[in-house]
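Heads up, the thing below is written out as structure tokens.
Just so you know, residue 1 is the first one in the sequence shown, and it goes up from there.
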Amino acid sequence: MKFKNKVCVITGGANGIGRCTAEEFLAEGAKVAVIDTDKKAGEALARKYGGGCLFVCGDITKERVLIDFSNKIIKKYGDVDFLINNACFFGKRGLLSNCGFDDFNYILMLGATAPYMLAKLFKDNFNKGASIVNIASTRAFMSQPDTESYSAAKGAIVSLTHALSVSLSGKVRVNSISPGWIDVGAYHGDGKYLPKYSKSDKKQHPAGRVGRPEDIAKTILFLCGDEAGFITGENITVDGGMTKLMVYHNDYGWKLK
């Protein structure tokens, strides 16, 4: 197994892309530590994988939670090989919904401050060849109305990625991934989710389909592996080509209403 006995820390790992990533690392023999606010889903993941998966329920916008979590990881495992900063919250939190000071800053703390703090807290406990992968978004580069807080957080983590890659050069490689439309339904709840897409949903992706959590998880594993040893400070867009396709009225099944 490629990552046997490696230690991987994942924020927001109880559902969606985070959960898929946790399961991919566990399948490769890694020891995985997950922090998430969804206690039920996190405990279910830990039960499924027994001693291989440690779950901590906590809100990483709180400094004390981050300190206690990092201390617990260091005490249990000693050192860390991979840090996957995945946690964030997407919602209509912007100008049009009157997103206020506290709500805006909550998203920034979740999506940018917490990743910085975890890198700082683990700085002296990263193993040789360690890797940080930050989950950004294509929304760092394009937007829908009323998404200012999320877009700001994702733009911040792209910039944080190259800044950390320089500060940690020679010790930790730091990269980010910007997912596009990823259908995470299969990694929520009982796993009985059945996706339904229109022809237009597929046609707007040059790859011919909507993204799956595995598309992101596999890219994370690649960036953490030796094959990516010469890649650092980069952002990789994984969106099936959606942001490269120009769409006008009546193109690809889409009409302006």
Side-chain angles (χ1 to χ4, degrees), residues 3 5-19 21-22 25-26 30-39 42-43 45-46 51-89 105-136 152-177 220-221 223-224 228 232-235:
F3 296 116
N5 293 324
K6 298 288 187 179
V7 176
C8 178
V9 177
I10 305 174
T11 68
N15 295 294
I17 289 171
R19 177 175 141 195
T21 302
F25 271 107
L26 286 160
K31 300 171 184 176
V32 174
V34 164
I35 188 166
D36 201 294
T37 55
D38 190 335
K39 185 177 181 181
E43 289 179 344
L45 180 67
C53 182
L54 169 69
F55 171 68
V56 174
C57 185
D59 180 352
I60 60 172
T61 67
K62 310 297 183 186
E63 184 179 14
R64 187 73 253 170
V65 170
L66 291 168
I67 293 170
D68 290 345
F69 177 59
S70 61
N71 286 340
K72 189 168 188 175
I73 300 304
I74 292 166
K75 182 178 180 181
K76 184 175 178 64
Y77 300 113
D79 292 315
V80 170
D81 295 286
F82 313 120
L83 170 60
I84 316 302
N85 289 306
N86 167 73
C88 201
F89 176 82
N105 279 306
Y106 180 85
I107 301 302
L108 288 182
M109 287 190 291
L110 183 60
T113 307
Y116 166 77
M117 285 301 301
L118 285 172
K120 180 175 182 287
L121 290 165
F122 288 126
K123 180 170 66 73
D124 297 324
N125 292 92
F126 281 113
N127 280 318
K128 183 179 180 181
S131 182
I132 296 174
V133 180
N134 297 319
I135 303 304
K154 293 307 184 180
I157 203 162
V158 170
S159 296
L160 179 65
T161 294
H162 62 70
L164 285 173
S165 74
V166 174
S167 295
L168 295 172
S169 61
K171 185 169 186 179
V172 183
R173 291 184 301 103
V174 188
N175 293 289
S176 63
I177 297 170
I220 293 171
L221 265 67
L223 288 173
C224 290
T232 192
E234 285 300 316
N235 176 74

Counting only heavy atoms from other residues, nucleotides and ligands, does the tally under 6.0 Å from NZ of Lys171 exceed 12? yes
So how far is it from Leu45 CG to Leu54 CG, rounded to the nearest 0.5 Å? 10.5 Å
Gap separating the CE atom of Met117 from the NZ atom of Lys120, nearest 0.5 angstrom: 5.0 Å
Exercise: identify the closest heavy-atom pair between Ser165 and Thr232: CB-OG1, 3.5 Å
Is there a side-chain contact between Asn85 and Leu160 in this structure, where contact means two heavy atoms from C-beta onward sitting under 4.5 Å apart? no
Quick check for you: to the nearest 0.5 Å, what is the distance between Asp38 atom CG and Phe55 atom CZ? 7.0 Å
Nearest 0.5 Å please: distance from the CD1 atom of Ile17 over to the SG atom of Cys88. 11.5 Å
Contact check, side chains of Ile177 and Ile220, non-hydrogen atoms, under 4.5 Å: yes
Any Val9 side-chain heavy atom under 4.5 Å of Leu118 side chain: no
Least distance between heavy atoms, Val166 atom then Ser169 atom: O-OG, 3.0 Å
Could I get the full list of ring-ring contact (aromatic ring centres under 6.0 Å, His included) partners for Phe82, not counting sequence neighbours? Phe3, Phe25
In this structure, OG1 of Thr113 is separated from CD1 of Ile157 (nearest 0.5 Å) by 10.0 Å
Do the side chains of Asn134 and Val174 get nearer than 4.5 Å, heavy atoms only? yes
Which atoms form the tightest heavy-atom contact between Gly52 and Leu26, and what is the distance? O-CD2, 3.4 Å
Validation: residues 67-75 side-chain donor-acceptor distances under 3.5 Å, sequence neighbours left out:
residue : atom : partner : partner atom : Å
Asp68   : OD1  : Arg64   : NE           : 3.1
Asp68   : OD1  : Arg64   : NH2          : 3.0
Ser70   : OG   : Leu66   : O            : 3.1
Ser70   : OG   : Ile67   : O            : 2.9
Asn71   : ND2  : Ile67   : O            : 3.3

Name all residues meeting the salt bridge (Lys or Arg N to Asp or Glu O under 4.0 Å) criterion together with Arg19; count only those two or more places apart in sequence or in a different chain, and write none if there are none. Glu23
Here the pair of heavy atoms bringing Ala153 nearest to Ala112 is O-CB, 4.4 Å
Please name all residues satisfying side-chain contact (heavy atoms from CB on, under 4.5 Å) with Asp81, sequence neighbours left out, ordered by chain then number. Lys6, Val7, Asn127
Note: Ile60 and Ala87 closest approach over all heavy atoms is CD1-CB, 3.8 Å
Among pairs that include at least one residue of residues 153-168, which meet salt bridge (Lys or Arg N to Asp or Glu O under 4.0 Å), considering only residues two or more places apart or in two chains? none
Can a donor-acceptor pair be found, under 3.5 Å and without considering hydrogens, that links the side chain of Asn175 to the backbone of Gly233? yes
Rounding to 0.5 Å, atoms SG (Cys57) and CD (Glu43) come to a distance of 7.5 Å
Is there a donor in the side chain of Asp59 and an acceptor in the side chain of Thr37, or the other way round, less than 3.5 Å apart? no
Contact check, side chains of Thr21 and Ile135, non-hydrogen atoms, under 4.5 Å: no
Would you name the heavy atoms of Ile84 and Cys8 that are closest together and state the gap between them? CG1-SG, 3.8 Å
side-chain contact (heavy atoms from CB on, under 4.5 Å) filter on Ala130, not counting sequence neighbours, yields Phe126, Val172
